[in-house]
Visitor: 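Pasting a structure here, questions to come.
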Amino acid sequence: MAPFDPYHKWLGIPLDEQPASYYRLLGIGDFESDADVIETAAERQTLLLRTFQTGSNAELAARLLNEVSAARICLLTAESKA
């Protein structure tokens with residue numbers, strides 16, 4: 001049995017697109033610049049991942065939540081985004 005892949009199972013990111021870019025992690029188009037779109041996408045992914053925090057894969061959920069948070073911060077900060 002293959003190991004559990006939270007990127008694929010939870011976020012729909014296939015193995016050939018991993019490691020995922022920040023844009024892919026948030027489920028938005030590459031180089032999206034609208035802050036509202038980025039913020040909404042980050043919130044959507046956060047809410048989804050929080051549903052897995054109490055299950056058997058809580059550690060993976062926490063790791064992905066941190067990645068989504070980093071993506072949000074990076075994509076909403078012009079200096080980081082560049």
Visitor: Please walk me through it: do Phe52 and Leu60 pass side-chain contact (heavy atoms from CB on, under 4.5 Å)?
Guide: CA-CA 9 Å; Phe52 302 110; Leu60 291 172; over 6 Å; no
Visitor: Using only atom types and a distance under 3.5 Å, with no angle test, would you say the side chain of Thr51 pairs donor to acceptor with the backbone of Leu48?
Guide: yes
Visitor: What residues form a side-chain hydrogen bond (donor to acceptor under 3.5 Å, both in side chains) with Gln18, not counting sequence neighbours?
Guide: Asp5
Visitor: For the residue pair Tyr22 and Glu67, what are the closest heavy atoms and their distance?
Guide: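 Of all heavy-atom pairs spanning Tyr22 and Glu67, the closest is CE2-O, 4.4 Å.
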Visitor: Under 4.5 Å between any side-chain heavy atoms of Asn57 and Phe4, yes or no?
Guide: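 Yes - at least one pair of side-chain heavy atoms lies under 4.5 Å apart.
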Visitor: With a 4.5 Å heavy-atom cut-off, do Asp30 and Ser21 have their side chains touching?
Guide: yes
Visitor: Can you name the nearest heavy-atom pair linking Gly29 to Tyr23, along with the distance?
Guide: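 Looks like O-CD2, 3.3 Å.
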Visitor: Keeping Ser69 on the side-chain end and Leu65 on the backbone end, is there a donor-acceptor pair under 3.5 Å?
Guide: no
Visitor: For residues 38-47, which side-chain N or O atoms pair as donor and acceptor with protein atoms under 3.5 Å away, sequence neighbours left out?
Guide:
unit_1	atom_1	unit_2	atom_2	d
Glu39	OE1	Arg72	NE	3.1
Glu39	OE1	Arg72	NH2	3.3
Glu39	OE2	Arg72	NE	2.8
Thr40	OG1	Asp36	O	2.8
Arg44	NH2	Leu26	O	2.8
Gln45	NE2	Leu25	O	2.9
Thr46	OG1	Ala42	O	2.8

Visitor: When rounded to the nearest 0.5 angstrom, what distance separates CG in Asp16 from NE2 in His8?
Guide: 9.0 Å
Visitor: Please walk me through it: do Glu59 and Arg63 pass salt bridge (charged side-chain N to carboxylate O under 4.0 Å, His left out)?
Guide: CA-CA 6 Å; Glu59 189 175 314; Arg63 188 180 83 205; over 6 Å; no
